[in-house]
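In what follows, chains carry the letters A, B, and so on, assigned in the order in which the sequence lines appear, proteins first and then strands, with residues in each chain numbered from 1.
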Amino acid sequence: MEAYEKGVNMSIGYACLVVGVPNTSIKRLKKDNISEDKLKEVILFNLHSLENIIDYNIKNNIKLFRISSDIIPFGSSPINNLKWWDIFEKELSNIGKKIRDNSIRVSMHPGQYSVLNSLKKEVVDNTIKDLEYHARFLESLKVDESNKIILHVGGVYNDKQEAKERFINNYNKLSFDIKKRLVIENDDRSFNIKDVLEISNITGAPVIYDNLHNFLNKSTDVFNDYEWIMKCSKTWKENDGKQKIHYSQQEENKKNGSHSKTIYTPKFLDFMTSLYNVDIDIMLEVKDKNLSATKCINILNSSGKIETLEKEWARYKYSVLEKSSSNYHKIRQLLKDKDKYPVKKFYLLIEEALDKKTRKGSAINAIEHVYGYFKKVILEKEKQQYMLKLSKFKKDILSLDSFKKYLNKLAIKYNVKYLIESYYFSI
DNA sequence: TGACGTCAAGATCCG
DNA sequence: CGGATCTTGACGTCA
C-alpha cells in the first residue's frame with residue numbers, strides 16, 4: 001500500500017459513458033434523419049446528460065473524465081453547420097464552470113477513423129476538421145490546455161518511416177489551438193510506444209502510454225510499464241498538466257484488445273505497485289466505466305472508511321446475491337467491523353461473485369429481495385403482472401434481462417431510490 | 001470485399 | 001400495440 005501513497009493527487013477516471021446513472025445517455029442521429037431542429041434538440045439533450053455526468057463525478061469524487069465525441073452529432077461534418085458554441089453558450093459555460101470549480105480534468109478522443117497521416121488528402125482534411133471540432137468543444141468549456149485531445153498516429157501504408165514523417169508534417173500544419181491540446185498514444189497494431197516517443201521527440205506532443213496496447217504491440221526495446229511511463233513522463237510539460245496514461249485489462253477469451261468487463265483489483269494493484277509512487281493520472285478503459293473508477297479510487301485510498309464500502313455494498317448487493325449467496329453472506333460478515341476498511345477483500349469477493357454464472361435459483365432469490373421494496377405499494381394489476389412474469393421466468397419463457405427491465409420500471413415509477421441507485425439493473 | 005469496434009437509432013418481429 | 005430483438009450506420013485501414 002505504501003508504494004503509491006504519495007500519489008494521493010493522482011486522478012483515476014473513465015471514458016464517455018456512465019453505468020447505472022439515470023439521465024446520462026448520449027444520443028446520436030443518423031445522416032438521413034437530420035434537421036436543424038433535430039440537431040438542436042439532441043445537442044441540448046446531450047449537454048444536459050453531460051452536466052448530469054459531471055454532477056455524478058463531482059458527487060463521487062471522480063476527477064478525470066473523457067467526453068464522448070458524439071456530444072455534438074456530426075460535430076465535424078458540414079451536415080451540421082450550427083454555431084452550437086454560440087447557441088448553447090449558456091449551457092456550455094455552466095458545465096465548464098462545474099468542471100473547473102471542481103478540478104475535474106476532461107479529455108476527448110477522436111475515433112480510429114480520424115487519420116492524420118493518411119495518404120488521401122480528403123481523409124487528412126476531414127481529420128483536421130475533426131480535431132478542430134474537438135478543440136472547439138473543449139474551448140467552449142473554457143478549460144485549459146491540460147484538458148487533452150488524444151490521437152493515434154494512424155496507418156502504416158507499408159512504410160512506417162514515411163508514415164511517421166507524414167504524421168509529423170501534418171502535425172506541424174495544425175493550428176495552435178489544436179496543438180496545445182494534442183497528445184499521441186501507442187496503438188495495438190501499428191505504432192508502438194517507441195514509435196510514438198520518436199514522433200513526440202520531433203513534434204513535442206506529449207505521449208499517452210497505453211499498457212494493453214503496449215502488451216499487444218511491443219517495441220523491440222524491452223522495457224516494463226514503469227520504464228516506459230518514465231520515458232513518456234519527459235514528454236509532458238508544465239502546461240500539459242499531470243502525465244496521463246491509459247490502463248486496461250484484456251477480457252479473457254475475447255479478441256486481443258477487448259477491454260475487460262471490470263478492472264480486476266489484484267492485477268490493478270500489482271500494476272500500481274510496479275509503478276512505485278509515480279504521480280500520474282490514469283484513464284481506465286473498461287466496460288463497467290464509473291464502477292471501476294470508483295473501485296480503483298477506493299482501493300488505493302489508504303485512509304478509507306467503512307462507510308465508503310457500505311455505500312458500495314448498497315449498490316452491488318443484489319448483483320452479488322444474484323450470482324452467489326455465499327459471497328453475499330461473506331461480504332455482510334466482512335462489513336460488520338466498523339473500524340476496519342477491508343477494501344481488498346471486499347472487491348475481491350464482489351469480482352469473484354460477478355464472474356460466476358447466474359443460476360436460476362439465486363436469480364429468483366435476488367428478484368424476490370428486490371420485489372420486496374414495492375410489494376406493498378404497487379397496484380393489484382402490477383402484482384399480477386409480476387407473478388405472471390415470475391412464473392414465465394421459471395419456465396424459461398421470459399429472459400432474466402426482460403424481467404429485470406420490468407422491475408427497473410417499477411423502481412422508477414415508485415421512485416425507490418435505493419434500487420434506482422443500485423447496479424442491479426445495469427451490470 | 002469484409003472485418004475491425006462501438007452503441008444507439010431504426011427496423012422488424014413477436015405475442 | 002408495446003416490448004423484445006435484430007440490423008444498420010459512420011468512419012479508414014488492412015488482410
>> Which nucleotide wins on minimum distance to the side chain of A/S190, given the candidates C/dC14, B/dG5, B/dT6?
In response: C/dC14
>> Does A/Y157 contact C/dG12 through a side-chain donor or acceptor facing the base, at a distance under 3.5 Å?
In response: no
>> Testing the basics here: between A/N214 and A/N186, what is the closest heavy-atom pair and its distance to 0.1 Å?
In response: N-ND2, 3.4 Å
> Within the structure shown, what part of the strands sits under 4.0 Å from A/L29 by heavy-atom distance: base, sugar-phosphate, or nothing?
Replying inline: nothing
>> On DNA chain C, does the nearest nucleotide to A/F74 precede the nearest nucleotide to A/L398 from the 5' side, or the other way round? Give the residue.
In response: A/L398
> If you measure from OG on A/S140 to CD1 on A/I72, what distance do you get to the nearest 0.5 Å?
Replying inline: 7.0 Å
> Within less than 4.0 Å of OP1 or OP2 of C/dT8, is there a side-chain N or O belonging to A/K31?
Replying inline: no
> Does the distance from a Lys or Arg side-chain N to an Asp or Glu carboxylate O, for A/E36 and A/K40, drop under 4.0 Å?
Replying inline: yes
> Considering only B/dG5, C/dT13, B/dT6, which nucleotide approaches the side chain of A/K120 most closely?
Replying inline: C/dT13
> When the aromatic ring centroids of A/Y373 and A/Y414 are compared, is their separation below 6.0 Å?
Replying inline: no
>> Heavy atoms only, 4.0 Å cut-off, all strands: where does A/G111 land among base, sugar-phosphate and nothing?
In response: nothing
>> At 4.0 Å (heavy atoms only), tell me whether A/S118 reaches a base, stays on the sugar-phosphate, or touches nothing.
In response: sugar-phosphate
>> Under 4.0 Å, heavy atoms only, any strand: does A/K38 hit a base, just the sugar-phosphate, or nothing?
In response: nothing
>> If you only use heavy atoms from C-beta on, which nucleotide in C/dC14, C/dG9, B/dC7 is closest to the side chain of A/K30?
In response: C/dG9
>> Looking at B/dC7, I'd like to know if its phosphate oxygens (OP1 or OP2) sit under 4.0 Å from a side-chain N or O belonging to A/K27.
In response: no
